[in-house]
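One structure is given here, and the rest of the page talks about it.
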Amino acid sequence: WLKHIETKTKNFIHAFFIIKKEEHYKNNHKIIEDFKRKPGLFYIAKKRDTTIEQVYNIVKTHDINVLNTNIIKLMELKWSL
């Protein structure tokens, strides 16, 4: 019974981080894609009429979300073995 709750909790947490990553990307994909094509906070901030700090935070959050998702995938792979 406790193992079932633990599994449900893990699944919920994993889903949360995956949804968070997708939502952040959806809301900020133009800035994220600009950064992938040509990294440059000043250039992107000017192009998108925003601040350098905002561009930095968007890209940083995206990178953290990708890292979290990759860790989750590795954990799920480990549990399935």
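- In this structure, CG on Leu41 lies 11.0 Å from OG1 on Thr50, to the nearest 0.5 angstrom.
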**Item:** Chi angles and distances behind the salt bridge (Lys or Arg N to Asp or Glu O under 4.0 Å) call for Glu23, Lys20
**Value:** CA-CA 5 Å; Glu23 185 69 20; Lys20 180 181 173 197; over 6 Å; no
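- Ring planes of His62 and Tyr25: tilted class, angle from 30 to 60°.
- If you take NZ on Lys8 and CD1 on Ile13, they are separated by 14.0 Å, rounding to the nearest 0.5 Å.
- Using a 4.0 Å cut-off between a side-chain N of Lys or Arg and a carboxylate O of Asp or Glu, Asp63 and Lys60 do not qualify as a salt bridge.
- Here the straight-line distance linking atom CZ of Phe42 with atom OG1 of Thr51 works out to 12.0 Å at 0.5 Å rounding.
- Both Val59 and Ile52 are members of a single hydrophobic cluster when ILVMFWY side chains are connected at heavy-atom separations under 4.5 Å.
- Here the CG-OG1 distance, from Leu74 to Thr69, works out to 11.0 Å after rounding to the nearest 0.5 Å.
- Follow the hydrophobic side-chain contacts under 4.5 Å out from Tyr56 and you reach Ile31 in the same cluster.
- Checking side-chain atoms of His24 against main-chain N and O of Lys21 turns up no donor-acceptor pair under 3.5 Å.
- With respect to the salt-bridge test (charged N to carboxylate O, under 4.0 angstrom), the residues Lys36 and Glu33 qualify.
- Within a 6.0 Å sphere centred on NZ of Lys30, other residues, nucleotides and ligands contribute 12 heavy atoms or fewer.
- Remark: Asn57 CG to Asn28 CG distance equals 10.5 Å, nearest 0.5 Å.
- Looking at Ile58 and Phe35, their side chains never come closer than 4.5 Å, going by heavy atoms from C-beta outward.
- Applying the 6.0 Å contact sphere to NZ of Lys46 captures no more than 12 heavy atoms from other residues, nucleotides or ligands.
- Val55 has its side chain out of reach of Arg48: every pair of non-hydrogen atoms, C-beta onward, lies at least 4.5 Å apart.
- Nearest heavy-atom pair, Ile44 versus Lys38, reported as atom, atom and distance to 0.1 Å: CD1-O, 3.9 Å.
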**Request:** Walk me through it: do Lys10 and Glu76 pass the test side-chain contact (heavy atoms from CB on, under 4.5 Å)?
**Result:** CA-CA 10 Å; Lys10 286 178 189 173; Glu76 288 174 348; over 6 Å; no
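- Residues Ile32 and Leu67 are members of separate hydrophobic clusters, defined by side-chain heavy-atom contacts under 4.5 angstrom among Ile, Leu, Val, Met, Phe, Trp and Tyr.
- Taking CG of Asn68 as the start and CZ of Phe16 as the end, the distance is 9.5 Å to the nearest 0.5 Å.
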